[in-house]
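Source: prediction; values computed, not measured. Whatever order the structure lists ligands and atoms in, that order sets their numbers, starting from 1.
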Amino acid sequence: MVLLEALNWRYATKKMSGQVVPQDKLDYILEAARLAPSSSGLQPYRVFVISNKELLEKIKPIAYNQSQITDASHLLVFAAWDGYSLAKIEDIFNKIIAERGLPADAMDDYKKTLWGMYEPLGQEWHANHAARQAYISFGLAIGAAAEQRVDATPIEGFLPPALDELLGLKELGLKSAVILALGYRDEPNDWLVNMKKVRTPKETFITEII
Ligand SMILES: Cc1cc2nc3c(=O)[nH]c(=O)nc-3n(C[C@H](O)[C@H](O)[C@H](O)COP(=O)(O)O)c2cc1C
């Protein structure tokens, strides 16, 4: 019930007040993002937490001047790997092996199969796949924010190449996938705050195959 109540409370906030999100709540949201599952446990994405006002002013025009960018307390940028490589996969698998105290060759077969699958798919597919993983983390951050009664606006309305350039993401082998503004609703000035939540009816959304 707790999660469903939170999901009914939340909405894609259109006008934020500028009120600051306390550090413990921010940490909770970021921890939910970090704990997200990802394909093969690669976590092929990183989260940038931006509260610097000057930087947010620079990001705003890149995001079609959406007011939440500068009225938010923090802006999370979910940036995904621009591609997979055997070296990156090995690096993560080696960490898993070390942390779990497994034999050094424990993941060799899996690694071979995985890279055999990924390599021929090419870098564009890799980058898209990595971005899809980032969205899982993003989704959990949205849920965690709602649980903390922190408002959030999921934002895809921005120009990824321009944001990548501004944040120097290319040099880090990353591409911005999606962003999340965190803050508090400016209730009197947000046209969406009291609007009914509209979703596809259950009967249409869910198909039971018995
Ligand atoms: C991936 C994604 C991208 C979105 N991009 C934007 C955006 O750029 N600006 C915005 O105001 N809302 C954006 N939204 C909010 C959606 O329009 C909103 O979630 C949807 O209409 C459902 O409404 P609700 O979130 O208020 O329940 C985005 C939502 C998602 C999940």
**Prompt:** Using heavy atoms and a threshold below 4.0 Å, how should the contact between Met195 and ligand 1 be classified: side chain, backbone, both, or neither?
**Reply:** neither
What atoms of ligand 1 come within less than 4.0 Å of a heavy atom belonging to [X]?
{"X": "Gln68", "answer": "11 (O)"}
{"X": "Gln66", "answer": "7 (C), 8 (O), 9 (N), 10 (C), 11 (O)"}
{"X": "Tyr11", "answer": "26 (O)"}
{"X": "Lys14", "answer": "10 (C), 11 (O), 12 (N)"}
{"X": "Gly157", "answer": "8 (O)"}
{"X": "Arg10", "answer": "24 (P), 25 (O), 27 (O)"}
{"X": "Lys197", "answer": "24 (P), 27 (O)"}

**Request:** Classify the angle between the aromatic ring planes of Phe78 and Phe138 as parallel (below 30°), tilted (30 to 60°) or perpendicular (above 60°).
**Result:** perpendicular
**Asked** Once the angle between the rings of Trp125 and His129 is folded into 0 to 90°, is it parallel (under 30°), tilted (30 to 60°) or perpendicular (over 60°)?
**Response** parallel
**Asked** Between Leu75, Ile50, Thr153, which is the residue that forms a side chain to side chain contact (heavy atoms under 4.5 Å, CB included) with Ile69?
**Response** Leu75
**Item:** Identified salt bridge (charged side-chain N to carboxylate O under 4.0 Å, His left out) partner of Glu90 from the options Lys95, Lys112, Lys111
**Value:** Lys111
**Message:** Just to be sure I'm reading this right: ignoring hydrogens, which of Arg199, Glu156, Lys196 gets closest to atom 1 (C) of ligand 1? Compare them by their nearest heavy atoms.
**Reply:** Glu156
**Request:** Note the single closest protein heavy atom to atom 6 (C) of ligand 1, along with its residue, its atom name and the distance in Å.
**Result:** Pro154 O, 2.9 Å
**Shortest protein heavy-atom distance from atom 24 (P) of ligand 1, along with the residue and atom involved** = Ala12 N, 3.7 Å
**Request:** Determine, counting only non-hydrogen atoms of the protein, whether one lies under 4.0 angstrom from atom 18 (C) of ligand 1.
**Result:** yes
**Message:** Tell me the closest heavy-atom pair linking Arg34 and Gln43, and the distance in Å.
**Reply:** O-NE2, 3.0 Å
**Asked** Hey, mind stepping through Leu169 and Lys175 against side-chain contact (heavy atoms from CB on, under 4.5 Å) and telling me if it holds?
**Response** CA-CA 6 Å; Leu169 297 182; Lys175 283 180 166 187; over 6 Å; no
**Request:** Determine, for Asp151 against Arg10, whether the closest basic-nitrogen to carboxylate-oxygen distance falls under 4.0 angstrom.
**Result:** no
**Request:** Output, in order, the C-alpha distance, side-chain angles, deciding distance and verdict of ring pair (Phe, Tyr, Trp, His ring centres under 6.0 Å) for Tyr110 and Phe93.
**Result:** CA-CA 10 Å; Tyr110 186 62; Phe93 283 7; 5.6 Å; yes
